[in-house]
Amino acid sequence: METLSAKNKSDFSSVTPSPQKKRKKGFWQILVQQKYLYLMSLPFVIWCFVFNYLPIWGWTMAFQNYKPSKSFSEQEWVGLKQFVTLFQDERFYLVLRNTLAMSIMGLIFGFVVPIFFAVFLNELKGTMFKRTVQTVSYLPHFVSWVVVGGIITKMLSIDGGIVNELLLTTGIINEPIQFMAQGKWFWGIVTASDIWKETGWNAIIYLAAITGIDKELYEAARVDGAGRLRQMWNITLPGIRTTISVLLIMSIGHLIGIGFEKQFQLQNSLVLDYSEVLDLYALNYGIKISRFSYGTAISMFTSVVSVMLLLTANGIMKKTTKESIM
């Protein structure tokens with residue numbers, strides 16, 4: 001019996017390879033095995049490299065006195081002169097104030113409103129009504145800011161604007177308010193316009209995350225006597241916490257690079273000290289007057305600060321909530 005057992009063991013060991021003999025597949029083996037997946041992703045990789053990484057070469061203009069008529073080797077290198085000029089310009093700090101103010105307002109309201117909109121929309125019982133509300137809410141996302149700027153300007157106009165007409169009819173005010181001519185209103189107008197335009201679109205990802213929550217949790221909560229508000233607070237919001245954390249980190253990364261479309265369409269000469277942001281500053285004081293190196297320095301400052309904010313937010317969230325994107 002011992003001999004037979006030993007023979008069976010030897011036969012089994014010859015058929016089944018030992019764990020030590022197993023080898024991990026190399027990169028090239030995986031590449032050949034999954035070649036179609038890599039080929040499908042290749043166009044995106046090329047697009048990302050061409051439009052996101054290749055333009056970084058243009059940052060060299062920030063350290064030059066760039067002249068379009070000269071080749072790269074003929075450009076005059078000036079070191080950090082453009083950045084010194086930037087940080088000595090009083091207009092830069094005014095523009096930075098406007099950028100941060102509108103960014104923070106947009107982060108607070110433009111980030112929170114879509115979350116609660118998605119949560120409350122999920123509680124609607126009528127499927128047809130829910131789909132109608134969702135469709136109507138995200139349609140403004142596809143409207144150009146050129147059109148939105150015209151709509152907002154007309155609504156806030158003192159000559160037949162619906163907002164002033166409504167306030168006058170209800171007796172809240174005695175004479176029309178020139179909303180678009182007062183700087184103190186501009187930040188709020190931009191934030192409210194952005195919320196109206198993007199809330200429905202931003203809520204889609206939260207609605208998708210909510211559908212992944214186990215329905216049995218809601219059933220158990222109802223058995224325990226939890227109402228709908230309690231279910232939203234204790235089940236729905238914790239269930240989409242990971243999605244909220246990731247999008248919050250990405251939003252903080254874009255805190256200083258908010259673009260210029262909204263401000264460009266809604267601004268006028270009377271509110272210029274409140275409407276100009278960094279991208280508009282780079283356009284007006286860099287590209288328009290052919291100061292290409294100065295405009296590049298402004299854009300480089302925006303990009304570097306955005307990366308620092310992204311890494312900082314990611315590190316803080318990773319330590320506090322164990323959620324991160326890197």
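- Atom OH of Tyr38 is surrounded by more than 12 heavy atoms from other residues, nucleotides or ligands within 6.0 Å.
- Separation of the Tyr294 and Tyr285 ring centroids does not fall under the 6.0 Å cut-off.
- Linking Ile, Leu, Val, Met, Phe, Trp and Tyr whenever their side-chain heavy atoms come within less than 4.5 Å puts Ile177 and Ile172 in one cluster.
- A ring-centre distance under 6.0 Å is not found for Phe44 and Phe49.
- Rounding to the nearest 0.5 Å places CD1 of Ile173 at 7.5 Å from OG1 of Thr170.
- With contacts defined as side-chain heavy-atom distances shorter than 4.5 Å, the pair Leu96/Ile256 qualifies.
- A distance of 6.0 Å or more separates the ring centres of Trp59 and Tyr66.
- The CD1 atom of Ile151 sits 10.0 Å away from the OG atom of Ser193 when rounded to the nearest 0.5 Å.
- Going from atom OG1 of Thr99 over to atom CG of Leu280 covers 8.5 Å, rounded to the nearest 0.5 Å.
- Other residues, nucleotides and ligands place no more than 12 heavy atoms under 6.0 Å from the NZ atom of Lys81.
- Ion pairing of Arg97 with Asp273 is absent here, as no side-chain N (NZ or NE/NH1/NH2) approaches a carboxylate O to less than 4.0 Å.
- Nearest heavy-atom pair across Leu270 and Ala181 is CD1-CB, 3.6 Å.
- Taking all atoms of both residues into account, the shortest heavy-atom contact from Ala282 to Gly295 is CB-O, 4.1 Å.
- When all heavy atoms of Met300 and Ala62 are compared, the pair lying nearest together is SD-CB, 4.1 Å.
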inquiry  = Test side-chain contact (heavy atoms from CB on, under 4.5 Å) on Leu255 and Leu107; report intermediate values, then the result.
reply    = CA-CA 8 Å; Leu255 193 64; Leu107 179 64; 3.9 Å; yes
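- Residue-environment remark: CG (Asp159) stays at or below the threshold of 12 foreign heavy atoms within 6.0 Å.
- Linking ILVMFWY side-chain heavy atoms closer than 4.5 Å, directly or via other members, places Ile158 and Leu166 in two distinct hydrophobic clusters.
- In this structure, Phe301 has its ring center under 6.0 Å from that of Phe87.
- Under the 3.5 Å distance criterion, the side-chain polar atoms of Asn52 are matched with a main-chain donor or acceptor of Cys48.
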request  = Decide yes or no on side-chain contact (heavy atoms from CB on, under 4.5 Å) for Lys197 and Asn202, but give the supporting numbers first.
outcome  = CA-CA 10 Å; Lys197 188 175 185 297; Asn202 293 335; over 6 Å; no
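- Leu311 is connected to Val305 through a chain of hydrophobic side-chain contacts under 4.5 Å among Ile, Leu, Val, Met, Phe, Trp and Tyr, so both are in one cluster.
- Side-chain N or O atoms of Ser293 include one that pairs as donor or acceptor with a backbone N or O of Met61 at under 3.5 Å.
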request  = Under the side-chain contact (heavy atoms from CB on, under 4.5 Å) rule, what do Gln267 and Leu272 come out as? Steps first, then yes or no, please.
outcome  = CA-CA 7 Å; Gln267 72 175 0; Leu272 197 59; 3.6 Å; yes
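- Linking Ile, Leu, Val, Met, Phe, Trp and Tyr residues whenever their side-chain heavy atoms come within less than 4.5 Å places Trp57 and Val304 in a single cluster.
- Between Ser275 and Leu266, every side-chain heavy-atom pair lies at or beyond the 4.5 Å cut-off.
- Around CH2 of Trp28, the count of heavy atoms belonging to other residues, nucleotides or ligands within 6.0 Å does not exceed 12.
- In this model, no donor atom of one side chain and acceptor atom of the other lie less than 3.5 Å apart for Asn65 and Gln75.
- Within a 6.0 Å radius of CZ in Phe111, more than 12 heavy atoms belonging to other residues, nucleotides or ligands are found.
- Put simply, the side chain of Val95 does not reach to within 4.5 Å of the side chain of Phe92, judged on heavy atoms.
- Remark: side-chain polar atoms of Glu74 are paired, donor with acceptor, to backbone N or O of Ser71 under 3.5 angstrom.
- When every heavy atom of Leu167 is checked against every heavy atom of Phe179, the shortest pair comes out as CD1-CZ, 4.1 Å.
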Without placing hydrogens or testing angles, list every side-chain donor-acceptor pair under 3.5 Å for residues 134-146, not counting sequence neighbours.
{"unit_1": "Thr135", "atom_1": "OG1", "unit_2": "Arg131", "atom_2": "O", "d": "2.8"}
{"unit_1": "Ser137", "atom_1": "OG", "unit_2": "Val133", "atom_2": "O", "d": "3.2"}
{"unit_1": "Ser137", "atom_1": "OG", "unit_2": "Gln134", "atom_2": "O", "d": "2.7"}
{"unit_1": "His141", "atom_1": "ND1", "unit_2": "Glu198", "atom_2": "OE1", "d": "2.7"}
{"unit_1": "Ser144", "atom_1": "OG", "unit_2": "Val146", "atom_2": "N", "d": "3.1"}

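- Atom-to-atom distance recorded for Glu261:CD and Gln263:CD is 8.0 Å, nearest 0.5 angstrom.
- Heavy atoms from other residues, nucleotides or ligands lying under 6.0 Å from CZ of Phe129 number 12 at most.
- Side-chain contact between Asn98 and Trp187 is present, with heavy atoms from C-beta onward closer than 4.5 Å.
- Under a 3.5 Å cut-off, the side chain of Asn164 and the backbone N or O of Ser157 do form a donor-acceptor pair.
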Show every donor-acceptor pair shorter than 3.5 Å between a side-chain atom in residues 242-251 and any protein atom, with sequence neighbours excluded, or say none if there are none.
{"unit_1": "Thr242", "atom_1": "OG1", "unit_2": "Glu323", "atom_2": "OE2", "d": "3.2"}
{"unit_1": "Ser245", "atom_1": "OG", "unit_2": "Arg241", "atom_2": "O", "d": "2.9"}
{"unit_1": "Ser251", "atom_1": "OG", "unit_2": "Leu247", "atom_2": "O", "d": "2.8"}

inquiry  = Using side-chain contact (heavy atoms from CB on, under 4.5 Å), reason through Thr302 and Ser306 one step at a time and then give a plain yes or no.
reply    = CA-CA 6 Å; Thr302 303; Ser306 297; 4.3 Å; yes
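- Side chains of Met102 and Lys262 form no contact here, defined as non-hydrogen atoms less than 4.5 Å apart.
- The two residues Gln64 and Thr60 come nearest to each other via the heavy atoms CG-O, 3.3 Å.
- Rounded to the nearest 0.5 Å, atoms CZ (Arg228) and OG1 (Thr236) are 10.5 Å apart.
- Looking only at side-chain heavy atoms (C-beta outward), Trp185 and Met180 stay at 4.5 Å or farther from each other.
- More than 12 non-hydrogen atoms from other residues, nucleotides or ligands lie less than 6.0 angstrom from OH of Tyr93.
- With rounding to the nearest 0.5 Å, the separation of CD1 in Ile235 from CD1 in Ile240 is 12.5 Å.
- For Trp196, the CH2 atom counts as densely surrounded, since its 6.0 Å shell holds more than 12 non-hydrogen atoms of other residues, nucleotides or ligands.
- Contact check on Lys67 versus Glu76 returns no salt bridge, with no Lys/Arg side-chain nitrogen under 4.0 Å from an Asp/Glu carboxylate oxygen.
- Hydrophobic clustering, with ILVMFWY side chains joined whenever heavy atoms are under 4.5 angstrom apart, groups Tyr274 together with Leu283.
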List, one per line, each side-chain donor-acceptor pair under 3.5 Å for residues 204-215, sequence neighbours excluded.
{"unit_1": "Thr211", "atom_1": "OG1", "unit_2": "Ala208", "atom_2": "O", "d": "2.5"}
{"unit_1": "Asp214", "atom_1": "OD1", "unit_2": "Glu216", "atom_2": "N", "d": "3.1"}

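- A 4.5 Å side-chain heavy-atom check between Ile115 and Leu237 finds at least one atom pair inside the cut-off.
- Within the 4.5 Å cutoff, the side chain of Val277 has heavy atoms near those of the Ile258 side chain.
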